[in-house]
Amino acid sequence: MEILKMSELYVPTVKEDPADADIASHRLLLRAGMIRKMSSGVYTFLPLGYRVLRKIEQIVREEMDAIGSQEIMMPVLQSADLWHESGRWNDYGPELMRLSDRHDREFCLGPTHEELITSLIKGELRSYKQLPITLYQIQVKFRDEIRPRFGLLRSREFIMKDAYSFHADQDSLQETYDAMSKAYGIICDRCALEWRGVEADSGQIGGKVTTEFMALAESGEAELVYCDCGYSANTEAGECIAHPSIYDVPAMEKIATPGIHTIDELAEFLDIPASSTVKALSGKDSQGQLHVLFIPGDHELNEIKAYRAIDGFELLTDEEMLSFGLHKGSMGPVGLPEDAKVVADRSLQRIGKWVVGANEEGYHFIGAELGRDFKVDAWADLCVVNVGDACPQCKCELKGARGIEVSQVFQLGDKYSRSMGATFLDKNGKEQPFIMGCYGVGVSRTLAAVVEQHNDEAGIKWPMSVAPAHVCVIPLTVGDDEVFPVAENLAESVAKLGFEVVLDDRNERPGVKFADADLIGWPLQIIVGKRGIAEGKVEVRRRRTGERSDFSIAAIPELLSFAERNFERMADGGVAVFDSLFKFDD
Ligand code: ATP
Ligand code: MG
């Protein structure tokens with residue numbers, strides 16, 4: 001194995017925290033000289049950051065190859081024509097980076113490659129006998145994010161592994177989808193990520209069945225709910241369960257609720273939990289049609305779900321509400337304007353009697369009965385799930401966590417093959433659209449997620465599998481003929497064992513070297529000083545646990561030779577590789 005020399009490496013570490021870096025991974029990757037910001041959401045990987053990125057890419061590559069997915073490389077530049085075919089030139093919105101060439105032909109920089117790969121396969125794969133096939137690439141992606149932030153976690157240019165599979169039928173898609181999901185879990189494990197696979201929303205890509213892989217982290221943008229029974233979901237995707245109404249009055253009663261406008265005020269006034277009330281929201285669809293939505297009082301509307309249920313859904317402004325004759329704060333399903341469409345969350349289907357606004361300023365109804373007093377035009381899944389809601393599988397209370405979405409798998413079905421006319425001949429010689437799946441790993445986001453989970457005050461604590469190098473040898477003096485040659489020899493013998501070794505041969509104070517080593521996060525540091533050498537010893541420090549011990553110089557290569565060497569393949573990212581070393585403490 002090679003020996004890297006700190007004096008030659010381009011690692012511009014920084015002592016102070018950068019001003020605009022608010023989370024650990026962003027701050028530490030900048031400070032450790034691994035990345036640099038070029039413009040908003042656009043980064044350069046410096047040598048050490050790039051080494052880590054390549055290791056993660058390699059892990060991803062190995063797991064893709066292991067399930068028979070074949071690597072290709074598609075262009076970043078994509079013709080707008082393809083995006084018009086799929087309909088996404090309009091649907092994708094401002095996140096799509098658009099540009100035109102010298103002939104005024106329109107293009108985009110790929111945010112994802114469903115269109116491109118579908119056009120590649122179209123006309124080329126003709127028979128069911130050639131299916132299934134899965135292709136992938138590891139490549140730069142562009143998305144003009146509305147709020148690029150958190151460094152590599154949400155950038156405008158980032159590295160993704162994207163894979164696409166083509167099938168003759170749903171069973172075959174399911175098989176690849178399952179293999180891919182398993183591979184994604186293994187990739188997270190090999191990167192030493194604590195993760196969960198969650199039910200998710202398919203967003204812009206389309207399709208119905210999808211799982212997101214979340215690296216658990218407080219700084220994560222995604223909120224998850226999970227249950228010990230194994231259920232877990234993105235709060236945006238999970239379905240909520242409503243609580244029964246408390247008032248089981250025989251007839252609907254109108255009660256005065258002066259000055260009451262919010263659910264909390266109503267619940268307090270009636271001395272019932274918010275969960276026993278029904279919240280109303282008003283909106284309009286793309287045709288300007290009025291919709292009044294009802295959800296359990298203790299939940300929030302998920303606007304993405306509302307948008308999916310109602311084409312072009314938008315919440316009404318206060319002025320629009322007035323123009324429709326609605327009373328904000330006391331809306332209900334009884335006595336709505338004639339043409340209003342009533343859409344209610346599916347969970348309310350089970351709730352016979354509602355505590356809800358009376359469409360009259362200062363009044364609410366209790367015991368408004370579904371069917372008798374009002375009707376619902378459509379039922380839909382509309383809410384954001386809350387921590388504490390009942391688990392849809394086992395009814396236990398859901399627990400909450402935050403996560404970073406590092407990857408996602410989708411069953412696309414025929415969404416793209418149909419719109420783009422990509423077909424094959426089935427067993428009966430009949431033309432059919434391909435059944436497709438697509439699968440993405442955020443490689444650069446994964447790098448940041450690893451740092452989010454493996455760091456402390458002093459810096460990064462890389463797992464062995466993705467560390468920029470495994471062992472750093474730190475001579476306290478350089479260029480002398482006592483300490484330095486011992487350090488060089490040690491570096492060489494450790495490298496010979498198959499470890500990637502860094503020799504900190506800079507003429508710097510020990511404090512500077514220690515601080516840099518902790519900041520950069522080499523998993524193991526070996527410190528060679530004059531005093532130790534006099535006793536034939538060096539100090540060995542383990543970054544992950546902070547353990548430190550003196551070992552005899554002669555024993556080091558032998559002790560390290562006991563350590564497993566295939567860290568890249570270890571199920572825990574090799575974080576425990578040196579566990580046994582410190583048992584030999586002498
Ligand atoms: P998000 O919801 O976080 O915006 P997404 O669901 O739109 O992400 P996908 O289309 O599923 O993203 O892309 C696959 C993977 O690419 C994601 O799981 C994520 O790891 C990564 N990714 C997506 N957007 C970004 C970004 N702006 N910066 C870095 N990585 C990203
Ligand atoms: Mg996603």
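Ligands are counted one by one from 1 in listed order, and the atoms in each one are counted from 1 as well. The first residue of the sequence shown is numbered 1, and numbering continues consecutively from there.
- Remark: Glu397 pairs with no residue by the salt bridge (Lys or Arg N to Asp or Glu O under 4.0 Å) rule, at least two apart or across chains.
- Looking at Glu212, Lys161, Arg143, it is Arg143 that brings a heavy atom closest to atom 7 (O) of ligand 1.
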Worksheet item: What's the verdict on salt bridge (Lys or Arg N to Asp or Glu O under 4.0 Å) for Lys141 and Asp162, showing C-alpha distance, side-chain angles and the deciding distance?
Response: CA-CA 10 Å; Lys141 293 281 184 280; Asp162 44 330; 3.1 Å; yes

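- Using modelled atom types and a 3.5 Å distance limit, the side chains of Glu405 and Ser407 yield no donor-acceptor pair.
- Near Ser155, the atoms of ligand 1 lying under 4.0 angstrom from a non-hydrogen atom of the residue are 26 (C), 27 (N), 28 (N), 29 (C).
- Ring geometry for Tyr43 against His26 counts as perpendicular: the plane angle is over 60°, on a 0 to 90° scale with 30° as the lower cut.
- Residues satisfying the side chain to side chain donor-acceptor pair (under 3.5 Å) criterion with Ser165, sequence neighbours excluded, are His167, Tyr439.
- Residue contacts with ligand 1, taken as heavy atom pairs separated by less than 4.0 Å, do not involve Glu221 at all.
- Counting only heavy atoms from C-beta outward, the side chains of Tyr136 and Ile117 never approach each other to under 4.5 Å.
- Heavy atoms of Thr112 come nearer than 4.0 angstrom to ligand 1 in no pair at all.
- Of all atoms in ligand 1, numbered sequentially from 1 with element shown, those under 4.0 Å from a heavy atom of Val406 are 18 (O), 20 (O).
- By the criterion of a separation under 2.8 Å, the protein N/O/S atoms near the Mg ion (ligand 2) amount to Glu405 OE2, Gln408 OE1.
- Within ligand 1, the atoms closer than 4.0 Å to a non-hydrogen atom of Ser407 are 18 (O), numbered from 1 in the order shown.
- A 4.5 Å side-chain heavy-atom check between Phe567 and His470 finds at least one atom pair inside the cut-off.
- If you number the atoms of ligand 1 from 1 as listed, the ones under 4.0 Å from a heavy atom of Leu152 come out as 29 (C).
- Cation-pi check for Arg98 over Trp83 is not met; the charged atom does not lie both under 6.0 angstrom from the ring centroid and within 45 degrees of its normal.
- Using a 4.0 Å cutoff on heavy atoms, Leu153 counts as a contact of ligand 1.
- Using a 4.0 Å heavy-atom cutoff, Thr446 is absent from the residues neighbouring ligand 1.
- Partners of Arg190 according to the salt bridge (Lys or Arg N to Asp or Glu O under 4.0 Å) rule, which considers only residues two or more places apart in sequence or in another chain, are Glu62, Glu63.
- When heavy-atom distances to ligand 1 are checked against a 4.0 Å cut-off, Arg154 comes that close through both its backbone and its side chain.
- Between Phe166 and Phe434, the ring planes are perpendicular. Angles over 60° get that label, and only those under 30° would be called parallel.
- The contact set between ligand 1 and Gln408, taken as ligand atoms under 4.0 Å from a residue heavy atom, comprises 6 (O), 11 (O).
- Contacts with ligand 1 closer than 4.0 Å are made by side-chain heavy atoms of Glu145 only, the backbone lying farther away.
- Contacts with ligand 1 closer than 4.0 Å are made by no heavy atom of Asp162, backbone or side chain.
- To the nearest 0.5 Å, the span separating OG on Ser25 from CG on Leu30 amounts to 9.5 Å.
- In this structure, the side chains of Asp228 and Lys399 come closer than 4.5 Å at one or more pairs of heavy atoms.
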